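Here is the structure we will look at.
Nothing here was measured: the structure is a model prediction, and the numbers come from that model. Throughout, residue positions are numbered sequentially from 1 according to the sequence presented.
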Amino acid sequence: MLIDELQKANIAAMKAHDTNGRAVLSVVISAYKAASIDGRAAGKEVDDTDLVRIIQKTIKELDDERVCNAQAGRSERVEEIDYQKNLISKFLPQMLSEEEIRAEINKLEDKSIPSVMKHFKANFNGKADMGLVNKIARSL
């Protein structure tokens, strides 16, 4: 599972005394554990798709933090954030390109927006940017 890879990377960062990398990996692992606890309470199993969402959310938060630090002129912190983003981005699955999304939509019989979104949610959850899917579906 993906969580095992994250935990191994966290241990490697700890052994390498990489406090910057360890910080972001620990945040993701902690969010996963919190989601697991909440999931068990609701009777739902947390899987790799949920972990991918957690990583994507963390990357968005890092982007926001990067913008604020860049505006404040904190170039050292901006470099740290870039390093953290690159580190956890390695754990994301390869996202579908615009051409692949367009080809998949063209294969569908029903090209209505709800049908297309449902198809991508069921078959490509975490592997396709749903905003991009929506944009492409509207343009067809």
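- Put simply, the side chain of Asn86 gets close to the backbone of Asp82: a donor and an acceptor are under 3.5 Å apart.
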Open item on the list: side-chain contact (heavy atoms from CB on, under 4.5 Å) for Val28 and Leu51? Distances and angles first, verdict last.
Closed with: CA-CA 8 Å; Val28 173; Leu51 184 55; 4.0 Å; yes
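- Considering CD of Glu79 and CG of Asn20, their distance stands at 10.5 Å, rounded to 0.5 Å.
- When each of His119, Glu100, Met95 is paired with Phe124, the side-chain contact (heavy atoms from CB on, under 4.5 Å) condition holds for His119 and for no other.
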- [ ] Give the intermediate values and the outcome of side-chain contact (heavy atoms from CB on, under 4.5 Å) for residues Glu104 and Leu96.
- [x] CA-CA 10 Å; Glu104 187 66 29; Leu96 293 176; 5.9 Å; no
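- Closest approach of Val78 to Ala70, counting heavy atoms only: CG2-N, 3.6 Å.
- Nearest approach of Asn10 to Arg22, heavy atoms of both residues: OD1-CG, 3.1 Å.
- Two different hydrophobic clusters hold Val133 and Val52 under the rule that ILVMFWY side chains link at heavy-atom gaps under 4.5 Å.
- Applying the side-chain contact (heavy atoms from CB on, under 4.5 Å) test between Leu2 and each of Asp47, Thr49, Asp48 identifies Asp48 as the sole match.
- The backbone N or O of Arg102 lies less than 3.5 Å from a partner atom in the side chain of Asn106, making a donor-acceptor pair.
- Without hydrogens or angle criteria, Ser115 side chain to Lys111 main chain gives no donor-acceptor distance under 3.5 Å.
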Task: Stepwise salt bridge (charged side-chain N to carboxylate O under 4.0 Å, His left out) test for Asp50 and Arg53 - done: CA-CA 5 Å; Asp50 297 316; Arg53 267 192 238 110; 2.8 Å; yes
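- Under the 4.5 Å side-chain heavy-atom criterion for grouping Ile, Leu, Val, Met, Phe, Trp and Tyr, Ile105 is connected to Ile113 within one hydrophobic cluster.
- Among residues two or more places apart in sequence or in another chain, the salt bridge (Lys or Arg N to Asp or Glu O under 4.0 Å) test is passed with Glu61 by none.
- The line from CZ of Arg77 to CD of Gln84 is 5.0 Å long, rounded to the nearest 0.5 Å.
- In terms of heavy-atom proximity, Ile3 sits nearest to Ile29 at CD1-CG1, 4.2 Å.
- A distance of 9.5 Å separates CG of Asn125 from NZ of Lys127, quoted to the nearest 0.5 Å.
- Within a 6.0 Å sphere centred on NZ of Lys135, heavy atoms belonging to other residues, nucleotides or ligands number 12 at most.
- Rounding to the nearest 0.5 Å places CD1 of Ile11 at 11.5 Å from CG of Leu6.
- Panel note: side chain Ser30, backbone Val27; no donor-acceptor pair is recorded below 3.5 Å.
- Counted within 6.0 Å of NZ on Lys8, heavy atoms from surrounding residues, nucleotides or ligands total 12 or fewer; the atom is thus considered open.
- In terms of heavy atoms, Val46 sits closest to Met1 at O-CE, 4.5 Å.
- Separation of atoms CD1 (Ile136) and CG (Leu140) is listed at 7.5 Å; rounding is to 0.5 Å.
- Summarising the geometry of Ile54 relative to Ala35, their closest heavy-atom pair is CD1-CB, 4.1 Å, with the distance given to 0.1 Å.
- Here the CD-CD1 distance, from Glu99 to Ile101, works out to 9.0 Å after rounding to the nearest 0.5 Å.
- No chain of hydrophobic side-chain contacts below 4.5 Å, direct or via other Ile, Leu, Val, Met, Phe, Trp or Tyr residues, connects Ile88 to Val67.
- Closest non-hydrogen pair, Phe120 versus Met130, comes out as CB-CE, 3.9 Å.
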